[in-house]
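Heavy-atom basis, side chains included; hydrogens, waters and symmetry copies ignored. Below, chains carry the letters A, B, ... as their sequence lines are ordered, and counting in each starts from 1. None of these values were measured; they are calculated from a predicted model.
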There are 2 protein chains.
Amino acid sequence: MAITKKKAPRRTAKKQSAPARKRVRLAPTDRSDQILKGAISFFAKHGFGGQTRELAVELGISKGLLYRYFPSKDDLIDRIYDEMFVRRWKPEWDAILVDRSVPLLARLKRFYLDYAQMLHDYEWVRIYLYSGLDGASIAQRFAKLVTERIYKPIIGELRHEFGLPGLDKQPMTEPETELMWALHGGLFYIGIRKWVYRVNTPRDVAGTVTRAVERIYADAQELMRADQIRRRSPSP
Amino acid sequence: MAITKKKAPRRTAKKQSAPARKRVRLAPTDRSDQILKGAISFFAKHGFGGQTRELAVELGISKGLLYRYFPSKDDLIDRIYDEMFVRRWKPEWDAILVDRSVPLLARLKRFYLDYAQMLHDYEWVRIYLYSGLDGASIAQRFAKLVTERIYKPIIGELRHEFGLPGLDKQPMTEPETELMWALHGGLFYIGIRKWVYRVNTPRDVAGTVTRAVERIYADAQELMRADQIRRRSPSP
DNA sequence: ACAGATAATGAGCATATGCTCAATAAAAAA
DNA sequence: TTTTTTATTGAGCATATGCTCATTATCTGT
């Protein structure tokens, strides 16, 4: 929040440098990785308004070194986005969801139990929120990615399960989309409770996720049954 | 994010003051209200890291005037919290939920259709998030308030509806609490989609809210039926 | 051991930012 | 109209903050 804190007057000293910490030399790749990890943890806590000076202190390095590996704060932040939203997407997810050798409900549980791991991740939850609030385009893109790569296949599979025409015949309806968003919102909120508002979260997260998935499965069934009936008897 | 922007060099001019805007004198109450409202809108957009200078410009007043009514930025922010989280709680909500002259499902719909109005409020959604991320204690208190004043009465009424012992006999169970959180999370996520990630939101919010309420009503029924059966046949 | 290459440091620059206060002008009182 | 009161202004202060660069120290190859 950058509130001015009344502090000791500006140091008028000449050159009373600190006890000169021992230098540690790392390979550029290692140092770069270390900075990136530290930055993720730091900005997750303080938001992107956190100061690079403090970050350097936390990392135990000089501010100059920070700028050797990341030309600017914005560059560093972009790398963080990439790390959080692009690299953390597991390619196998796409396959799990449409693997019809496994019953759909089991697939959904398997997928969401894995996907929901992100909710336990302080950094992921908070950075996702901060980036969205900052209007970072990548956060919006991630939200859209979820629609394309998760909602769409799942609704497709649910329709197949419950005997409705595929998405190629009939685009996703609003109630279908909203069913998925409600699930994701309910799940993401677990992370928000845990890492933002710090109110009590379920002891049994896996159970909660499982129940949530079972609910939308049942809700989808009901939604689609109704749709199936409507489809059989053309409207007046 | 306070990134350094390369700008024109520091003005070395003497006193080339601007065209001297016409002064408008307001009653202290009016001015204070005006500043508060403007600040809410401003900080909702930029986060609490936004500068008071810019806020003053947006309000069309001098920065000095800001500090006449709010001694510090932190004071201003505290007033915003009060305005958003304390004053916006409608006392009638408590009554609606337990008014047994109305069928429970109808009560729930009525309440949530009103409560969910906050989701359409750019300021409320974003400030609630920013304050939580900042670790403001009031945000945590609000989350707890929701548990006490919404979840508890609703679970109490649902138990009554489905023939289970009241909360005085048996505290809220985790699945019950989670059911409520899932509902609120799902609803709040509508606001997050709209005001944070800017992805498409339902055309028919009222319908979405109604459906979400119907779902938890049905889910609660199922949850509590199962509980009722377990209760009748004591465990081994 | 020595030299060359380069990772690391931190004083310092330029601007950003919360906040103060003496001066000013609009309204109210006389 | 004149005087008094007080809402309003904006230059300016002190510190905060992103970033640079000359200097220094560590590692590697010979």
For nucleotides 28-30 of chain D, give me every protein contact, N/O to N/O, under 3.5 Å, one pair per line with atom names.
none

Would you call the rings of A:Y115 and A:H184 parallel, tilted or perpendicular if under 30° counts as parallel and over 60° as perpendicular?
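Plane angle between 30° and 60°, so tilted.
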In terms of relative ring orientation, are A:W181 and A:Y151 parallel, tilted or perpendicular, with 30° and 60° separating the classes?
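Ring orientation, 0 to 90° scale: perpendicular.
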Value in whole Å for how far the [atom2] atom of [N] lies from [atom1] of [X]:
| X | N | atom1 | atom2 | value |
| --- | --- | --- | --- | --- |
| A:E54 | C:dG10 | CD | C1' | 17 Å |
| B:R53 | D:dA16 | CZ | P | 15 Å |
| B:F70 | C:dC19 | CZ | P | 13 Å |
| A:L55 | D:dC19 | CG | P | 12 Å |
| B:K63 | D:dG12 | NZ | P | 10 Å |
| B:Y67 | D:dC13 | OH | C1' | 14 Å |
| A:L66 | D:dT20 | CG | C1' | 13 Å |

List in chain and number order the residues that pass side-chain contact (heavy atoms from CB on, under 4.5 Å) with A:D33, two or more places apart in sequence or in another chain; answer none if no residue qualifies.
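Residues passing side-chain contact (heavy atoms from CB on, under 4.5 Å) with A:D33: none at all.
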side-chain contact (heavy atoms from CB on, under 4.5 Å) against A:K144, all qualifying residues, sequence neighbours excluded
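B:V199.
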Indicate, with yes or no, if the rings of B:F43 and B:Y81 have centres closer together than 6.0 Å.
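That pair fails the under 6.0 Å test.
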Test of understanding: with ring pair (Phe, Tyr, Trp, His ring centres under 6.0 Å), list the residues that count as partners of B:Y128, not counting sequence neighbours.
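With sequence neighbours excluded, B:Y128 shows a ring pair (Phe, Tyr, Trp, His ring centres under 6.0 Å) to A:Y197, B:F85, B:W124, B:F142, B:F188, given in chain and number order.
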Residues from residues 28-42 of chain A lying under 4.0 Å of DNA chain C - heavy atoms
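Listed by number, they are A:P28, A:R31.
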Are OP1 or OP2 of C:dG18 and a side-chain N or O of B:T52 less than 4.0 angstrom apart?
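For C:dG18, OP1/OP2 do have a side-chain N/O of B:T52 under 4.0 Å.
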Side-chain N or O of A:Y69 closer than 4.0 Å to phosphate OP1/OP2 of C:dA8:
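For C:dA8, OP1 or OP2 has a side-chain N or O of A:Y69 closer than 4.0 Å.
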Side chain of B:L65: nearest nucleotide among D:dT8, C:dC13, C:dT9?
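Per side-chain heavy atoms of B:L65, the pick is D:dT8.
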Going through the checks in order, is the salt bridge (Lys or Arg N to Asp or Glu O under 4.0 Å) test met by B:R211 and A:E178?
CA-CA 10 Å; B:R211 273 188 295 273; A:E178 289 307 313; over 6 Å; no
Give A:L26 one of three labels, base, sugar-phosphate or nothing, depending on what nucleic acid heavy atoms sit under 4.0 Å from its own.
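Counting heavy atoms under 4.0 Å across all strands, the contact made by A:L26 is with sugar-phosphate only.
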With nearest nucleotides of DNA chain C determined for A:A27 and B:S72 from heavy-atom distances, which residue corresponds to the more 5′ nucleotide?
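Nearer the 5' end of the strand: A:A27.
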Of A:R87, A:R141, A:R88, the residue whose pairing with A:D82 passes salt bridge (Lys or Arg N to Asp or Glu O under 4.0 Å):
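In the set A:R87, A:R141, A:R88, the residue that makes a salt bridge (Lys or Arg N to Asp or Glu O under 4.0 Å) with A:D82 is A:R87.
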I would like to know whether A:S72 and A:D75 meet side chain to side chain donor-acceptor pair (under 3.5 Å); could you show each step before the answer?
CA-CA 5 Å; A:S72 76; A:D75 277 283; 2.8 Å; yes
Could you go step by step and tell me if A:E83 and A:K37 meet the salt bridge (Lys or Arg N to Asp or Glu O under 4.0 Å) rule?
CA-CA 9 Å; A:E83 187 67 27; A:K37 280 202 172 177; over 6 Å; no
Close side-chain approach of A:W195 and A:L129, heavy atoms under 4.5 Å
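Not touching, per the 4.5 Å side-chain cut-off.
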State, yes or no, whether a side-chain contact exists between A:K73 and A:L76 at a heavy-atom distance under 4.5 Å.
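No, their side chains stay 4.5 Å or more apart.
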Any N/O pairs under 3.5 Å between the protein and nucleotides 26-30 of chain C? List them or say none.
{"residue": "C:dA26", "atom": "N3", "partner": "B:R25", "partner atom": "NH1", "Å": "2.8"}

